[in-house]
Amino acid sequence: MAAPPPPYVMVAEFAAEDGLIAALRTLRDNGYRRLEAYGPVPSERLDEALGERGEAIPRVALACGLTGAALAYALQYFSSVLDYPFLVGGKPYHSWPPFLVVTFAVGLLSTVIGAFTAMLVANRLPRLHHPIFDVDAFAGASRDRWFLAVSGQGARFEGESLRLLLDRHGPVAIRELPR
Amino acid sequence: MTAIEHGVGRNDYGSVTDRIIAPALERRAPMGWWPIFAISAILALVFLTTIGLLLGIGVGILGMNIPVAWAFPIVNTIWWIGIAHAGTLIAAVLFLTRQSWRAPVTRFAEAMAMFAIVIAGIFPILHLGRPWFFYYLLPHPNSTGLWPQWKSPLVWDFFAIATYLIFTSLFLYLSLIPDLASLRDRAHGRPAQVFYGLLALGWRNSVRHWRRYQQCYFVLAAVAAPIVVSVTGIISLDLAVSIVPGYHFTIFPPYFVAGALFSGFATVILIAITVRWMFGMQAFITPTHIDRLAKLMLAFGLVVDYAYMAEIFTAWYSGADFYRYIYIDRWTGPYAPFWWAMIVCNVVLLQLVWFGRVRRSLPAMFSLALVADLGMWLERYQIVLTSTHADYVPANWDVVWPTAADWALQFGSIGLFVTLLLLFARLMPVLSIKDMREALHEGGR
């Protein structure tokens, strides 16, 4: 199973996306790397601020779709040409045009299942609990609030320096978490 | 595009969330829910009872015979699949084309697709002589060493419907996950929290999660477009691949897809108006939405009308006596009232939708949507029945009329559909909170 998530040292709550984006940029400029952001809506600006670039899901889906289609065609070929050749209406055993229908359907189905499974696996879902849920008011992330969570160890995470950086962007609240 | 057109009005993320969640967490059912539920639940029980009788006694309780071996179950399969299609199209294709007005109508459109496809999948199984052997269509190891007949459209059907069923449930569930997290965070009481919490899979609105979620949603939406055009297209091949006059038309796949979307948009209009009234969503679902759905309904209805003409032309131009006779029989034969009623519904009354005042009047569109659904049922009826009842051998000609069991399945399936939708609307958000928030996000923060 996946490694346990890093313990968060500080969580800042913002009322607007812009504050969160500005805070993310500041922290990244100051060398903080283990950042996590939460918000009620997907946002490309946030992806950018967090430095997220991967396009893995569509690739996995495409690979699954092509594999599924190939397997479906192979199964039809195997069953009607090799395993149980059966003459129907004088049509060739290897009738590729009708085989394409099931190939197409199974290809689409594999794409869909591949994309959905890849999304869950990459997000490490489902999981029953996560430390961030212990943060007060975190339920706001599924309504209208934006959160920034910082994790790490060392001098830069102690004391006031991190708090001052976050405070610059007008958070609603900052919570230091016990570690 | 203005905020009103988005259907979000003067709301923000918080108020959108609260207003959509409220009916799902409210203990009291909204006005009108119980009476409609009572009627539909009784019909659903009639449906289940009839299925029990059918399994116990056999397909003889249905009206179908030889030569009309495909009768009402097939009519209903095609009709229900068609209704499902518009749900998928609204949720997926309007997403890909960035039509942000779709936000308030996507959720129940997806739910409609889900329940319609479940019912559509039941009917072909019911009309098998021995329904419990339907799994023979699935390639599986068995003692006879037999495989499905891959050249048979019935096997294609099975794969198309199964693909569509799995796709629709995953697509609906995917769109529900973030909304379920919103419900979990706001539910009162332990049972509701556990229920929504388990279904939400631990979703925590992480930006990294959202990014992969959006990629997944995009893939599913992109796959939806070929699925929409292929599933009903494949089902139309059941008919078109045969050599029966009246079935054997090359126009069938696009014609069936257009008909599917026509009846599907009509059903979305019915549900939109009902949800708006029952759950007090007047702020989100506006006459503008009904107007746009009506335009789509009109567009696909006109394609259907064109297909009627093309079919008649093909029959005449073919010069084949039996093909020409199909139309003379449809116009004057035993099923002529159905054909002419279909023309009234799908061609004549449809033209009212050209008028903006009609499109923006909710009672008028509710009635016209009912008419369109009825018209599409009649269309599937006349396609399936008039063709086989009089084929190449006049000595075989016979007519088929629905029996009490057919009517019980017909109205029972509608009852089951409404029951499932009503239960869904009480447990889940009837509007997609995620899509509404995205519409707000796009409309400027």
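Order of the sequence lines sets the chain letters (A, B, ...), proteins ahead of strands, with each chain counted from 1.
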Q) With a 4.5 Å heavy-atom cut-off, do A:Pro42 and B:Tyr213 have their side chains touching? A)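 They are not in side-chain contact.
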
Q: State, yes or no, whether a side-chain contact exists between B:Phe167 and A:Leu108 at a heavy-atom distance under 4.5 Å.
A: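 With C-beta onward as the side chain, the pair stays apart.
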
Give a yes or no on whether [X] atom [atom1] has more than 12 heavy-atom contacts from other residues, nucleotides or ligands under 6.0 Å away.
X        : atom1 : answer
A:Phe133 : CZ    : yes
B:Phe195 : CZ    : yes
A:Leu128 : CG    : no
A:Arg28  : CZ    : yes
B:Ile243 : CD1   : no

Nearest-0.5 Å distance that lies between atom [atom1] in [X] and atom [atom2] in [Y]:
X        : Y        : atom1 : atom2 : result
B:Gln149 : A:Ser79  : CD    : OG    : 9.0 Å
A:Thr103 : B:Phe159 : OG1   : CZ    : 9.5 Å
A:Leu46  : B:Arg208 : CG    : CZ    : 11.0 Å
B:His209 : A:Asn123 : NE2   : CG    : 4.0 Å
B:Trp156 : A:Leu100 : CH2   : CG    : 9.5 Å
A:Thr117 : B:Leu170 : OG1   : CG    : 7.5 Å

Using non-hydrogen atoms and a 4.5 Å limit, figure out which bit of [X] sits close to chain B: side chain, backbone, both or neither.
X        : result
A:Ala61  : side chain
A:Phe147 : neither
A:Leu148 : neither
A:Leu120 : side chain
A:Tyr77  : neither
A:Ala149 : neither

Q) What's the verdict on side chain to side chain contact (heavy atoms under 4.5 Å, CB included) for A:Leu109 and B:Val223, showing C-alpha distance, side-chain angles and the deciding distance? A) CA-CA 9 Å; A:Leu109 182 61; B:Val223 169; over 6 Å; no

Side chain, backbone, both or neither: which part of [X] has an atom under 4.5 Å from a heavy atom of chain A?
X        : answer
B:Ile433 : neither
B:Thr163 : both
B:Ile234 : side chain

(Q) Which one wins on heavy-atom pair count under 4.5 Å against chain B: A:Ile132, A:Val112, A:Asp144? (A)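 Among the listed options, the one with the most contacts to chain B is A:Val112.
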
Distance-minimising heavy-atom pair for [X] and [Y]:
X        : Y        : answer
B:Gln215 : A:Pro58  : OE1-CD, 3.4 Å
B:Ser15  : A:Arg143 : N-NH2, 4.4 Å
B:Leu201 : A:Leu125 : O-CD2, 3.4 Å
B:Leu220 : A:Ala115 : CD1-CB, 3.9 Å
A:Ser95  : B:Lys151 : OG-CE, 3.2 Å
B:Thr144 : A:Tyr84  : O-CE1, 4.3 Å

Q. Based on non-hydrogen pairs under 4.5 Å, which of B:Gln214, B:Arg204, B:Glu438 is most in contact with chain A?
A.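 Among B:Gln214, B:Arg204, B:Glu438, the one with the most close pairs to chain A is B:Arg204.
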
Q: Report the option among B:Ser206, B:Pro178, B:Gly202 that has the most heavy-atom pairs separated by less than 4.5 Å from atoms of chain A.
A: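 Sorted descending by pairs with chain A, the first entry is B:Ser206.
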
Q.
Please check this pair: side chain of B:Arg211 against backbone of A:Arg53, looking for a donor-acceptor N/O pair closer than 3.5 Å.
A.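 Such a contact is found between B:Arg211 side chain and A:Arg53 backbone.
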
Q.
Quick one: does any side-chain atom of B:Ser182 pair with a main-chain N or O of A:Ser142 as donor and acceptor, under 3.5 Å?
A.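 Yes, B:Ser182 side chain to A:Ser142 backbone: donor-acceptor pair under 3.5 Å.
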
Q: Could you please spell out the steps behind the side chain to side chain contact (heavy atoms under 4.5 Å, CB included) verdict for B:Trp147 and A:Leu75?
A: CA-CA 10 Å; B:Trp147 290 98; A:Leu75 175 71; 3.7 Å; yes

